[in-house]
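Here is how names work: the chains are called A, B, and so on, in the same order as the sequence lines, proteins then strands, and each is numbered from 1. Values reported hereafter were calculated over all heavy atoms of this structure, with side chains retained and with hydrogens, waters and symmetry mates removed.
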Amino acid sequence: MKVRTRFAPSPTGNVHIGNMRAAIYNWLFARHHGGDFLLRVEDTDRERSTPEAIQTLLDAMAWFKLDVDEEPLYQSTRMEAHLEAAELLLSKGMAYKEDKGGKGQGECIIFKMPGNDTSFEDGIKGTLSKAAENMQDFVIVRSNGTPVFHLANVLDDIEQGVTHVIRGDDHIENTYRHIALYQALGADVPNFAHLPMIVNAQGKPYSKRDGDAFVGDFREKGFLGDALFNYLALLGWSPGDDREVMTRDEMVEAFELARCQSSAAQVDLRKLTWMNGEYMLKLPLEDFEAAFFQELEKAGIEADPEYAKQVFGLIRERVKTVADIAPMIGYFFNDDYEYDPKAVRKKLQKDGVADTLAQVKGIFESLETFDEAGTDKALHNFVESSGLGFGAVMAPVRIAVSGVQSGPDLFPLLAVLGRDRVLERICRTIEQFLS
RNA sequence: GACCCCUUCGUCUAGUGGCCUAGGACUCCAGGUUUUCAUCCUGGCAACACGGGUUCGAACCCCGUAGGGGUCGCCA
């Protein structure tokens with residue numbers, strides 16, 4: 001039988017990374033088995049399920065390149081079918097009506113648990129079971145006439161022909177109920193697999209309060225969709241060997257539920273950042289360049305495209321997330337860059353530096369061609385003849401022209417800035433800090 | 001509280017009775033390469049929750065204990 005999995009979120013305007021990871025695992029599982037991956041939008045909460053919220057959901061899936069094989073099923077269109085099924089259960093004596101008081105408007109429909117112990121093979125956790133005495137009847141249609149999650153969810157999974165339900169392990173208790181519902185409805189019980197939660201350092205479910213919890217947060221921070229996909233896939237699953245940075249195809253090929261972890265996991269932003277850097281390095285040049293120009297625009301920097309491209313060449317290999325770009329390049333486009341106080345104190349305001357910078361300025365002025373090779377050779381000669389160390393010359397020059405201690409290779413950096421800017425900045429630095 | 005689930009370095013994980021003096025990755029630290037910055041290379045720190053069994057042999061099997069989490073809605 002063909003494998004069919006689904007992602008069944010309720011659109012709330014934000015997509016939690018735990019949910020997204022569940023979506024990724026469903027997708028990976030379906031693709032691994034050559035099956036179908038479906039989307040069901042559980043939009044019965046009309047308040048929150050706005051068109052914008054649904055769009056946010058679709059955007060997140062597109063960002064992760066989670067392609068679906070059929071048109072999405074919107075749960076709100078299925079209410080009639082849900083209620084019909086409830087009537088059927090009622091007529092068969094598998095459910096009953098009762099006024100439980102609570103919400104006022106009369107009788108609700110309650111599903112009668114069949115009274116037998118239940119156990120099932122969880123694809124991740126193994127055999128799970130629960131005694132009949134620990135399971136109670138539950139409401140499937142509210143007294144206001146609307147179907148409850150359990151009913152709708154099971155019915156829609158049957159409707160969509162879902163063979164494998166892969167969801168968070170906070171649903172384990174629901175699964176016992178759902179199995180009873182499948183059986184009462186005369187449907188095949190699908191396979192279940194329960195994924196551990198993503199938790200915070202305290203072991204509690206990871207939430208907004210713990211930091212970045214939504215897909216959008218990571219996107220804004222400059223992470224790449226492919227990198228986050230890879231990271232999330234590995235958070236709770238491993239291919240069994242030492243591979244970590246993997247292509248989509250490799251992940252699809254290697255994915256198995258049996259290799260999924262059954263304990264909770266924490267997000268480690270440092271490792272994600274590292275992994276993102278690995279992906280940045282592999283990014284096709286034009287994609288990276290496009291992202292670069294987008295960041296320029298975001299930072300409100302207007303610049304000559306040719307000049308900007310040269311700057312891009314300098315920083316291309318030292319960026320871990322696209323959000324790193326803007327803070328790294330300010331001084332290329334703005335003469336009023338800030339000086340790092342610590343750098344000024346430790347490297348600039350020392351004996352002899354004023355003189356060194358003045359001499360370097362002189363050398364640069366008299367250079368025939370102010371390019372990478374020219375400045376390189378000139379400074380080497382200067383270091384040799386002056387008896388100063390390399391650090392004692394390069395560091396002050398770097399700080400003078402950029403305000404910071406670290407950055408791209410110094411000589412190409414000087415070449416991109418150009419002689420006029422470099423001379424002007426050296427002058428200003430001497431005046432401002434060394435006189 | 002009842003029921004259910006979980007427990008290997010700080011974090012993500014490998015490990016399914018001998019290959020484990022427990023491997024990899026991120027982070028951190030120390031050297032080295034780069035006569036700047038970053039990269040890179042090498043090395044190091046660091047874990048089987050605890051207690052009983054079973055076995056010639058246990059991270060792996062069984063039973064307890066402890067700790068953590070989930071569920072117990074006319075939310076999804």
| message | Using ring-ring contact (aromatic ring centres under 6.0 Å, His included), reason through A:F111 and A:Y96 one step at a time and then give a plain yes or no. | response | CA-CA 7 Å; A:F111 179 72; A:Y96 55 94; 9.3 Å; no
| said: Closest approach to the side chain of A:L128, judged atom by atom: which nucleotide of B:C5, B:U13, B:C74 is it? | reply: B:C5
| note | Closest to the side chain of A:R318, out of B:U36, B:A76, B:A38, is B:A38
| Proximity to the side chain of A:Q136 - top-ranked nucleotide from B:A38, B:C72, B:A76 | B:C72
| task | Please step through salt bridge (Lys or Arg N to Asp or Glu O under 4.0 Å) for the pair A:E424 and A:R428, ending with a clear verdict. | result | CA-CA 6 Å; A:E424 196 271 322; A:R428 186 188 60 185; 5.2 Å; no
| Nearest to side-chain heavy atoms of A:H150, which nucleotide of B:A76, B:G69, B:C4 | B:A76
| request: Classify the ring geometry between A:F29 and A:H164 as parallel (under 30°), tilted (30 to 60°) or perpendicular (over 60°). | output: tilted
| Counting just side-chain N and O atoms, does A:R142 come under 4.0 Å of either OP1 or OP2 of B:A76? | yes
| message | Which nucleotide wins on minimum distance to the side chain of A:S263, given the candidates B:C3, B:C37, B:C6? | response | B:C6
| request: Can you measure from CD1 (A:I109) to CG (A:L151) and round to the nearest 0.5 angstrom? | output: 8.5 Å
| request: State which of B:C74, B:A76, B:C12 makes the closest approach to the side chain of A:T44. | output: B:A76
| field | Minimum-distance nucleotide to A:K204 side chain [options: B:A14, B:G69, B:U36] | value | B:G69
| said: Quick check for you: among B:A14, B:C6, B:C12, whose closest atom lies nearest to any side-chain atom of A:L235? | reply: B:C12
| For the residue pair A:Y176 and A:F120, does the interplanar ring angle fall in the parallel (under 30°), tilted (30 to 60°) or perpendicular (over 60°) class? | perpendicular
| said: Could you check whether A:K271 pairs with A:E244 (Lys NZ or Arg NE/NH1/NH2 to Asp/Glu carboxylate O, under 4.0 Å)? | reply: yes
| field | Over-ring placement of A:R421 relative to A:Y307, 6.0 Å and 45° cut-offs | value | yes
| task | Would you mind pulling out the nucleotide paired to B:A2, Watson-Crick or G-U wobble, both distances under 3.5 Å? | result | B:U71
| field | G-U wobble or Watson-Crick pairing nucleotide for B:U33 (cut-off 3.5 Å, both distances) | value | none
| query | Within the structure, does a side-chain N or O atom of A:Q261 lie under 4.0 Å from either OP1 or OP2 of B:A14? | reply | yes
| Do the ring planes of A:Y25 and A:F255 sit parallel (below 30°), tilted (30 to 60°) or perpendicular (above 60°)? | perpendicular
| note | Taking B:A2, B:U35, B:C6 as options, the one with an atom nearest any side-chain atom of A:H380 is B:U35
| said: Working note: A:D156 + A:Q160, criterion side-chain hydrogen bond (donor to acceptor under 3.5 Å, both in side chains); need CA distance, chi angles, decisive distance, verdict. | reply: CA-CA 6 Å; A:D156 290 351; A:Q160 289 189 291; over 6 Å; no
| remark: Across every strand shown, the nucleotide meeting Watson-Crick or G-U wobble geometry with B:U7 (both distances under 3.5 Å) is B:A66
| Phosphate OP1/OP2 of B:U39 contacted by A:R316 side-chain N/O (<4.0 Å) | no
Detail all sub-3.5 Å separations between protein N/O atoms and N/O atoms belonging to nucleotides 59-64 of chain B.
none

| note | Regarding the side chain of A:D409, the nearest nucleotide among B:U7, B:C37, B:C4 is B:C37
| task | Check the distance between B:A14's C1' and A:L234's CG and give it to me in whole angstrom. | result | 12 Å
| Base of B:C74 paired with side chain of A:S143 (donor-acceptor, under 3.5 Å) | yes
| query | Any idea how A:H16 and A:F214 line up, ring-wise: parallel (<30°), tilted (30 to 60°), or perpendicular (>60°)? | reply | perpendicular
| If the sugar-phosphate is the primed atoms plus P, OP1 and OP2 and the base is the rest, what is the B/S/- string for nucleotides 20-28 of chain B, using protein heavy atoms under 4.0 Å? | ----BBBS-
| request: Could you tell me which nucleotide pairs with B:A58 by Watson-Crick or G-U wobble geometry, both distances under 3.5 Å, or answer none if nothing does? | output: none
